[in-house]
K.L.:
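The structure that follows is given in the form of structure tokens.
Just so we're clear, the structure is a prediction, and the values are computed from it rather than from any experiment. What's counted below: heavy atoms across the whole structure, side chains too, no hydrogens, waters or symmetry copies.
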Amino acid sequence: MTVTKGRRQRHPQASSEKSDKRHYRAKRTTFAVCLILLAAALAALGTWQVERLAWKRDLIARVDQRVHAAPVPAPARTDWDKVNATDDEYRRVTVAGTLANDKETLVYASTALGPGYWVMTPLTLADGTSILVNRGFVPTERRDPALRREGQLSGPVEITGLMRMTEPKGSLLQSNDVAADRWYSRDVAAISEKRGVSAVAPYFIDADAAANPGGLPVGGLTIIDFPNNHLVYAITWYGLAAMVLALLVFILRSERTTA
């Protein structure tokens, strides 16, 4: 008698369960990796904010030291190529020359005194170069120089103020309209070209609060404010990273309990 050995057949249900488990493990691993990567990205953002915090504190300390220091001579033409925001912005300087009042430019301003204009006037130095000076604020109703003649100083003057960097093209909301002579930022190059002033310093000076005859323009209104929320942002990012890791731990523990 011949005995035929039959092949052992896999149970379809068992095979399906193994496939489902492998698929579940793959999904779980992918999800865990995504959570880890997300936590790492959030922690990196927190670390970046800590670095920004150190930078901002250093900036505030440097600027505070500059604005309270004794004034120094404004950079001369030979040093213009060295001028930069990091080393020079808000430095107290003094400069002597003659104001070219006939070439002043009004730049829209919103200040603690209300809306109006900054009076930007070229100051001609003894060597023939010029520095654009923000002499201060005038209200809209006194924008016409004829209504503030006392403040149109003639003859040699000495001005003390803060060095500022040029503000090209316009403000965040509005662009300068050079053709129409409407200005929303203190763009040194564009204003100088419009007024036909050559050999102009690449920076301008915000005049201090020294009173002008007639009370206008009003100087000393420079706003020095550096928002410093980086610590809050760092804590937020690190907190979110911790929450993601806590979620990952919770999921892994739950799976072990139900396994």
K.L.:
Just so I know, are the side chains of M243 and L42 near enough to count as touching, which here means a heavy-atom distance under 4.5 Å?
P.N.:
no
K.L.:
Taking M163 as the fixed residue, which of I131, V72, V93 is the one that meets the side chain to side chain contact (heavy atoms under 4.5 Å, CB included) rule?
P.N.:
V93
K.L.:
In terms of side-chain geometry, is the basic nitrogen of D87 or R62 positioned less than 4.0 Å from the acidic oxygen of its partner?
P.N.:
no
K.L.:
Atom CZ of R148 and atom CG of N101: how far apart are they, to the nearest 0.5 Å?
P.N.:
8.5 Å
K.L.:
Once you round to the nearest 0.5 Å, how far does OH of Y108 lie from CD of Q174?
P.N.:
8.0 Å
K.L.:
V157, V200: one ILVMFWY side-chain cluster at the under-4.5 Å cut-off?
P.N.:
no
K.L.:
Please enumerate all residues that pass side chain to side chain donor-acceptor pair (under 3.5 Å) together with T166, with sequence neighbours excluded.
P.N.:
none
K.L.:
With a 4.5 Å heavy-atom cut-off, do L248 and V244 have their side chains touching?
P.N.:
no
K.L.:
Looking only at non-hydrogen atoms, find the nearest pair between L216 and P139 and report the distance.
P.N.:
CD2-CD, 4.0 Å
K.L.:
Does L245 share a hydrophobic cluster with L45, counting links as ILVMFWY side-chain heavy atoms below 4.5 Å and allowing steps through other members?
P.N.:
no
K.L.:
A241 and A43: which non-hydrogen atoms are nearest, and at how many Å?
P.N.:
CB-N, 3.9 Å
K.L.:
Could you tell me which non-hydrogen atom of V188 sits nearest to which non-hydrogen atom of S192, and how far apart they are?
P.N.:
O-OG, 2.7 Å
K.L.:
Can you sort out the partners of R164 under side chain to side chain donor-acceptor pair (under 3.5 Å), two or more places apart, ordered by chain and number?
P.N.:
E89, D206
K.L.:
For the residue pair Y203 and A74, what are the closest heavy atoms and their distance?
P.N.:
OH-CB, 3.5 Å
K.L.:
Does V138 share a hydrophobic cluster with I191, counting links as ILVMFWY side-chain heavy atoms below 4.5 Å and allowing steps through other members?
P.N.:
yes
K.L.:
Looking at D181, is its backbone amide N or carbonyl O close enough to the side chain of K194 to form a donor-acceptor pair, meaning the two atoms are under 3.5 Å apart?
P.N.:
no
K.L.:
Side chains of D127 and T129: donor-acceptor distance under 3.5 Å anywhere?
P.N.:
yes
K.L.:
Does any N or O in the side chain of N176 come within less than 3.5 Å of the main-chain N or O of K169, such that one atom is a donor and the other an acceptor?
P.N.:
yes
K.L.:
Is the count of non-hydrogen atoms from other residues, nucleotides or ligands lying under 6.0 Å from Y233 atom OH greater than 12?
P.N.:
no
K.L.:
May I ask you to decide if E167's main-chain N or O and R186's side chain share a donor-acceptor pair within less than 3.5 Å?
P.N.:
no
K.L.:
Just how far is it from atom CD of E104 to atom CG of N134, taken to the nearest 0.5 Å?
P.N.:
11.5 Å
K.L.:
With the side chain counted from C-beta on, respond yes when E51 and W55 share a heavy-atom pair under 4.5 Å apart, and no when they do not.
P.N.:
no
K.L.:
With rounding to the nearest 0.5 angstrom, report the CG to CZ distance, D88 to R66.
P.N.:
6.5 Å
K.L.:
Once rounded to the nearest 0.5 Å, what's the spacing between atom CG of D187 and atom CZ of F204?
P.N.:
10.0 Å
K.L.:
If you take all heavy atoms of N84 and M165, which pair is closest and at what distance?
P.N.:
C-SD, 3.9 Å
K.L.:
In the single-linkage hydrophobic clustering (I, L, V, M, F, W, Y; side-chain heavy atoms under 4.5 Å), do V218 and V119 co-cluster?
P.N.:
yes
K.L.:
Which pairs pass side chain to side chain donor-acceptor pair (under 3.5 Å) with one or both residues in residues 109-118, sequence neighbours excluded?
P.N.:
Y117-R143
K.L.:
Compare every heavy atom of S171 with every heavy atom of S185, then report the nearest pair and how far apart it is.
P.N.:
CB-N, 4.0 Å
K.L.:
Does a side-chain heavy-atom distance below 4.5 Å link Q152 with R135?
P.N.:
yes
K.L.:
Tell me whether Y90 contacts the main-chain N or O of Q65 through its side chain, where contact means a donor paired with an acceptor under 3.5 Å.
P.N.:
no
K.L.:
Is it true that L125 and L132 fall in one hydrophobic cluster, defined by side-chain heavy atoms closer than 4.5 Å?
P.N.:
no
K.L.:
Show your working on side chain to side chain contact (heavy atoms under 4.5 Å, CB included) between V178 and W183 and close with a plain yes or no.
P.N.:
CA-CA 7 Å; V178 179; W183 304 90; 3.8 Å; yes
K.L.:
Supply the atom-to-atom distance I159 CD1 to L99 CG, rounded to the nearest 0.5 angstrom.
P.N.:
4.5 Å
